[in-house]
Participant: 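For reference, the structure I am asking about is given below.
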Number of protein chains: 2
Amino acid sequence: MNEPSYEQFFANFSNYTRMKIIIALADGPLSVNELTEQIGDEQSNVSHHLKQMAHCSLVDVKREGKKRIYSLNEKTVKPMLAMAQEHVFGSCTNCAGDCRSCAEGVR
Amino acid sequence: MNEPSYEQFFANFSNYTRMKIIIALADGPLSVNELTEQIGDEQSNVSHHLKQMAHCSLVDVKREGKKRIYSLNEKTVKPMLAMAQEHVFGSCTNCAGDCRSCAEGVR
DNA sequence: AAAACATATGAATGAACCATCATATGAACA
DNA sequence: TGTTCATATGATGGTTCATTCATATGTTTT
């Protein structure tokens, strides 16, 4: 069996739009339009990201009339976020409770 | 207090070279040269990545003569990897135990 | 079946990122 | 103190990625 490419999995969490999607879905399932409105992004962009995330099983889709309702894979995603939060606020000495410093490039 | 930018934190895990660094360091601390040899990458590239990772407190550095010994922040990184593994092998229906499919672009 | 609505898809542009090269810094030792 | 070793840094070019636009698909409603 081959080594899976974890970096690809993690890439799902490393983009602002996708993070907004995740955080929005953390409160419950949403349609694409609802998502689009909540995060203030373009519908087609949201769809593109959802496709990627669905492919990696981070979100799940259900048809409902003409809508598609997306929901989080909570088993994976919520603990993931919790760990990130713990690190950023607890372990990252540079962040010190306000991780904008981690948002800046470093080079 | 501001929302930290989790996506930046996760970006540390979303690159192949950085993943190789992490996996190499999982077995114990290494100098830059040792890392460079183990993962077959260029010294300056490894250094660049280490800088980023150190900034986000994912690795720690100690001087030792002219060498610098890097070690993992195990508290954060190892559970993170474990969760990724669990997802990829356990929850990701597309991956089915061999996640090269997640490595391919999806569009 | 046509119209309206909801979402997905493909192509294209612009931005961000990464690897590389050249070189700088700093430490040890002759 | 000059040389070698170990690592860091800055700039650059190439590639990948994200967003946008235009359009297609599919579903419901009339």
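Numbered from 1 within each chain, the chains take letters A, B, ... in sequence-line order.
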Participant: Counting distance only, does the side-chain N/O of R18(B) pair as donor-acceptor with the main-chain N or O of A11(B) below 3.5 Å?
Facilitator: yes
Participant: Atom CD of E64(A) and atom P of dT7(C): how far apart are they, to the nearest Å?
Facilitator: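 It works out to 10 Å between those atoms.
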Participant: To the nearest Å, give me how far apart NZ (K51(B)) and C1' (dT9(D)) are.
Facilitator: 7 Å
Participant: Considering residues at least two apart in sequence or located in another chain, which fulfil the salt bridge (charged side-chain N to carboxylate O under 4.0 Å, His left out) criterion with K62(B)?
Facilitator: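 Listed in chain order: nothing, the list is empty.
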Participant: For M53(B) and dC18(C), give me the distance from atom CE to atom P, rounded to whole Å.
Facilitator: 12 Å
Participant: Who pairs with K75(B) by salt bridge (charged side-chain N to carboxylate O under 4.0 Å, His left out), at least two apart in sequence or on another chain?
Facilitator: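 In terms of salt bridge (charged side-chain N to carboxylate O under 4.0 Å, His left out), with neighbours along the sequence ignored, K75(B) is linked to E86(A).
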Participant: Of all the heavy-atom pairs spanning E74(A) and P79(A), show the shortest one and how long it is.
Facilitator: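 Residues E74(A) and P79(A), closest heavy atoms: O-CD, 3.2 Å.
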Participant: Take the protein atom NZ of K62(B) and the nucleotide atom P of dG26(C), then report the distance between them rounded to whole Å.
Facilitator: 22 Å
Participant: Identify all pairs in which a protein N or O lies below 3.5 Å from an N or O of nucleotides 21-27 of chain D, and state each distance.
Facilitator:
residue	atom	partner	partner atom	Å
dC21(D)	OP2	E42(A)	OE2	2.9
dC21(D)	N4	S44(A)	OG	2.7

Participant: Quickly work out the M19(B) CE to dA19(C) P distance and round it to whole Å.
Facilitator: 13 Å
Participant: Which residues pass the ring-ring contact (aromatic ring centres under 6.0 Å, His included) test with F10(B), not counting sequence neighbours?
Facilitator: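 By the ring-ring contact (aromatic ring centres under 6.0 Å, His included) rule, F10(B) matches F13(A).
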Participant: Suppose we screen for side-chain hydrogen bond (donor to acceptor under 3.5 Å, both in side chains). Which residues come up paired with S31(B), at least two apart in sequence or across chains?
Facilitator: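 Only E34(B) meet the side-chain hydrogen bond (donor to acceptor under 3.5 Å, both in side chains) criterion with S31(B).
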Participant: Take atom OH of Y16(A) and atom P of dA16(C), then tell me their distance rounded to the nearest Å.
Facilitator: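 Value for this atom pair: 15 Å.
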Participant: Restricting to salt bridge (charged side-chain N to carboxylate O under 4.0 Å, His left out), what partner residues turn up for E37(B), sequence neighbours left out?
Facilitator: none
Participant: Grab the CD-C1' distance between Q52(B) and dA19(C) for me, whole Å please.
Facilitator: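 Checked: the CD to C1' distance equals 15 Å.
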Participant: Pick the nucleotide of DNA chain D nearest each of I69(B) and N15(A); which residue has the one closer to the 5' end?
Facilitator: I69(B)
Participant: Does dA19(C) have OP1 or OP2 sitting under 4.0 Å from an N or O in the side chain of H49(B)?
Facilitator: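 Yes, within the criterion.
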Participant: OP1 or OP2 of dC5(D) versus the side-chain N and O atoms of N33(B): is any pair under 4.0 Å?
Facilitator: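 Indeed not, no polar side-chain atom of N33(B) lies that close.
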Participant: Calculate the interatomic distance between D41(A) atom CG and dA18(D) atom C1'; express it in whole Å.
Facilitator: 10 Å
